[in-house]
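Note that the structure is predicted; figures quoted are calculated from it, not measured.
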Amino acid sequence: MRALLLAVLTASPSAAAETVLSARLLGGRHLANGREGSFSGAVAGGAAAAIPLARNWTLFPTLAGSWNGVESALDTPGGATLFSESMDHRVAVKAVYEPPRGGWRLKPHAGWRARFLREAKDEGWTDGLFDHHTVDAGFEAECDLGRGASAALGWALSRTLFPNYASLESAAPVDPRGRPLARELAGAGVLDSDAHLFTAALRGPLGAGLRADARLGLQVRDFLDQKLVRADGLLESERRSDLVTSFEGALRAAREPRPDLRLDGGLTLSLESAVSDQASLDPARAHYEPRHYNYADWGVGPDLAVSWGDPRAPAALSLSARYAWRRWPHRSARDAAGAYSG
């Protein structure tokens, strides 16, 4: 269970400009089981441009980067891991085709993302065990349904690589009894994966100044070199595959009390479920858990954005809060000594 409160300050140049710059300064503290981390900050920035091309095409290159100094528990393949700092950088480009007489808008895109995670302050930024890089490309088609409503369908393919990951167990190819060590995460390259993401979205007005956004996602992730582990400690020839289903819905409302003051608020609900064919084996305690990586989670939170000044170059302040909950129904709890309790 986690709660997060963010304050964001942004500014952009004139609406006539083809380049937009943004910056954010955040602050927070990680709280878990009565333990309080130190208060720290986070910084993020980005740049985006709109470049008109011939025949109704527009190119949108973007560059974004962030640093987070707030101690955070993030999801890793073996469970949640506490990181002292993290950086996230992305370079992407999207092309948008606007048909001259309406109809489907076409949006091919491609990008690269690098995430650097430091467990200790003295760890190098490129030496983190769970540092990873993702290359992706995809396509989205959006149709204008009229009266402010639209629908979209999308597909994307990505490859994620963990260049530094190699478990300590991979250095010992057999267990104490001389049998091959077959834990699912033992080795190097076992976290590398390919993913296909299919999406469908619908948005439109509801009346009374409200509008709704809904998005459904279906992701199939295939691991390149992670074989399925059996209860007897041996490996199957098949490799791990996960199916993640997600839904996100939002209700939003915008108001303009004065010509130089604009308010935009909303409430967002998200649901996600993951089903994996991979099990988990602890050879030291002879503990085997099928469906170990299955989980279900949900989150909800409000947000409010306020902008003021010249609409062509406004200043803006936004606030958001989010509550998230996740459950692993097939995992056993462990005590401080590592013994299983369920």
Side-chain angles (χ1 to χ4, degrees), residues 1-13 19-49 61-76 79-92 111-134 160 162-164 248 250 252 261-268 270 297 299-309 313-326:
M1 182 178 68
R2 290 175 288 175
L4 183 64
L5 180 63
L6 305 179
V8 183
L9 181 64
T10 64
S12 65
T19 301
V20 176
L21 304 177
S22 66
R24 294 184 298 169
L25 177 62
L26 313 177
R29 174 182 291 179
H30 177 76
L31 307 174
N33 296 327
R35 178 182 177 273
E36 297 186 6
S38 60
F39 186 86
S40 186
V43 179
T62 59
L63 174 65
S66 66
W67 166 82
N68 183 10
V70 180
E71 192 176 60
S72 304
L74 303 178
D75 291 328
T76 56
T81 302
L82 194 62
F83 295 99
S84 61
E85 293 180 272
S86 63
M87 286 199 300
D88 199 333
H89 306 296
R90 178 169 173 79
V91 178
W112 168 82
R113 179 188 180 188
R115 197 170 191 190
F116 304 99
L117 304 170
R118 296 175 66 177
E119 295 184 66
K121 293 287 186 179
D122 57 354
E123 187 175 48
W125 272 115
T126 59
D127 300 330
L129 184 65
F130 294 104
D131 291 355
H132 56 275
H133 304 264
T134 300
T160 301
F162 290 75
N164 301 331
E248 183 172 280
R252 306 201 62 82
L261 179 62
R262 295 160 294 280
L263 307 176
D264 191 337
L267 181 67
T268 301
S270 62
D297 69 17
V300 63
D303 65 89
L304 175 65
V306 183
S307 61
W308 63 92
L317 174 67
S318 65
L319 299 172
S320 66
R322 178 175 172 80
Y323 175 87
W325 175 93
R326 174 170 290 191

Excluding sequence neighbours, so at least two apart, what forms salt bridge (charged side-chain N to carboxylate O under 4.0 Å, His left out) with R262?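 If we apply the salt bridge (charged side-chain N to carboxylate O under 4.0 Å, His left out) test to R262, skipping adjacent residues, there are no hits.
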
For S270, side chain to side chain donor-acceptor pair (under 3.5 Å) partners two or more places apart: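 Scan of S270 (side chain to side chain donor-acceptor pair (under 3.5 Å), adjacent residues dropped) gives R322.
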
Checking W67 now: which residues fulfil side chain to side chain donor-acceptor pair (under 3.5 Å) with it, not counting sequence neighbours? E85

Partner set under side-chain contact (heavy atoms from CB on, under 4.5 Å) for [X], not counting sequence neighbours:
| X | value |
| --- | --- |
| E119 | T81, F83, E123, L129, F130 |
| T160 | H132, T134, F162, S193, R221 |
| D131 | F116, L117, N164 |
| D297 | E272, Y295, R326 |

Heavy-atom side-chain contact between [X] and [Y] under 4.5 Å:
| X | Y | value |
| --- | --- | --- |
| W112 | H133 | yes |
| L25 | V43 | yes |
| V91 | T62 | no |
| W308 | V306 | yes |

Working to the nearest 0.5 Å, report the span between [atom1] of [X] and [atom2] of [Y].
| X | Y | atom1 | atom2 | answer |
| --- | --- | --- | --- | --- |
| R115 | M87 | CZ | CE | 12.0 Å |
| S307 | L261 | OG | CG | 7.0 Å |
| L319 | D303 | CG | CG | 9.5 Å |

Minimal non-hydrogen separation, P302 against L267, with atom names: N-CD1, 3.9 Å

